[in-house]
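First comes the structure, then the notes that go with it.
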Amino acid sequence: GPLLAISGVTRRYGRAARAVTALGPLDLRVDPGEFVAVVGPSGSGKSTLLRLVAGFDQPSSGTVRLAGRPPVPGRGVGVVFQQPRLFPWHTVRQNIAVALRWAGVPAAERPRRTAQLLALVGLGELGRRRVWEVSGGQQQRVAIARALATAPALLLLDEPFAALDALTRERLQEDIRALTRRSGQAAVFVTHSVAEAVFLANRVVVLSDRPGRVVLDLEIPLPRTGV
Ligand code: ADP
Ligand code: ADP
């Protein structure tokens, strides 16, 4: 079956007669290997959707299934937020190692796995630096490495480039695109930027405003390589 199955999901806020529907009804399926961008204006429910998929929040109606099961926070998904949520006074390596520890990776394996993850996001040289000493773009790379530490079936990206300057953003976008295409990492990426969505994803889902509903669902053909 699909990696992610969202069926008839709504999320309402507030009580009874004054309740406002923020999202849905929404149906969305994501298969392994898909990189889906969810685009919509501010207030269309993108963050709400990611919280439901991550298991941080429950739908008002309908079901969310990750590999056939209701999502449990911290299991099966890695989440990257707009602002990296790191321990700034710890080193880059420590920030990754702690995620590996939470994931139950034995202490003896953590240094090697940490080095692999840092190399993956282009931070091989910075492991010993304190997080507050490295740039915003490098901090976001640490956050991505940490999200990947548990080898999640699904990566959730909530406007991860929004706080970066233009050049840093472009470099990170190119690296994430290369990384996810190479590894076939499934991801759901929310953004209000159509250009960002089309550049990164192989499928773009457009949400309408208030309440967020799917108004367009497009495959982006990959450029052909070789023959
Ligand atoms: P987006 O991420 O696309 O900007 P959100 O998911 O943050 O959209 O919000 C969707 C709608 O739900 C907005 O109208 C927002 O004000 C409302 N909303 C989100 N979270 C809450 C909340 N905790 N309580 C009440 N309304 C909320
Ligand atoms: P971001 O785009 O960084 O997710 P948002 O403005 O969408 O920031 O939302 C930040 C937080 O505020 C979210 O947790 C969301 O649930 C909450 N929120 C958004 N809109 C409302 C609202 N109208 N009432 C209460 N909480 C809200």
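Whatever order the structure lists them in is the order used to number ligands and atoms, beginning at 1.
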Exercise. Any donor-acceptor pair under 3.5 Å linking the side chain of S208 with the backbone of P211?
Worked result: yes
Problem set entry | Close approach, P41 and ligand 1, non-hydrogen under 4.0 angstrom | yes
Problem set entry | G40 touching ligand 1 at heavy-atom level, < 4.0 angstrom | no
Exercise. Quick one: do R141 and D175 make a salt bridge, cutoff under 4.0 Å?
Worked result: yes
For this session: Select the closest option to atom 13 (C) of ligand 1 among A19, G43, G14, judged by heavy-atom distance.
Result: G43
Exercise. Can you check whether R203 reaches F35 side chain to side chain, under 4.5 Å on heavy atoms?
Worked result: no
Exercise. Under 4.0 Å from any heavy atom of K46, which atoms of ligand 1 are there?
Worked result: 1 (P), 2 (O), 3 (O), 4 (O), 6 (O), 8 (O)
Problem set entry | For P71, the option from V53, V64, L52 that meets side-chain contact (heavy atoms from CB on, under 4.5 Å) | V64
For this session: Check the pair T10, T21 against side chain to side chain donor-acceptor pair (under 3.5 Å), reporting the backbone distance first and the verdict last.
Result: CA-CA 7 Å; T10 65; T21 302; over 6 Å; no
For this session: Verify, without hydrogens or angle tests, whether T191 (side chain) and S193 (backbone) share a donor-acceptor contact under 3.5 angstrom.
Result: yes
Exercise. What do we get for R210 next to ligand 1 when only non-hydrogen atoms under 4.0 Å count, side chain, backbone, both or neither?
Worked result: side chain
For this session: Report the part of R51 in contact with ligand 1, treating N, CA, C, O as backbone and CB onward as side chain, heavy atoms under 4.0 Å; options are side chain, backbone, both, neither.
Result: side chain
For this session: Please identify which atoms of ligand 1 are closer than 4.0 Å to at least one heavy atom of S42.
Result: 4 (O)
Seminar exercise, completed: ligand 1 atoms nearer than 4.0 angstrom to some heavy atom of A22 are 11 (C), 12 (O)
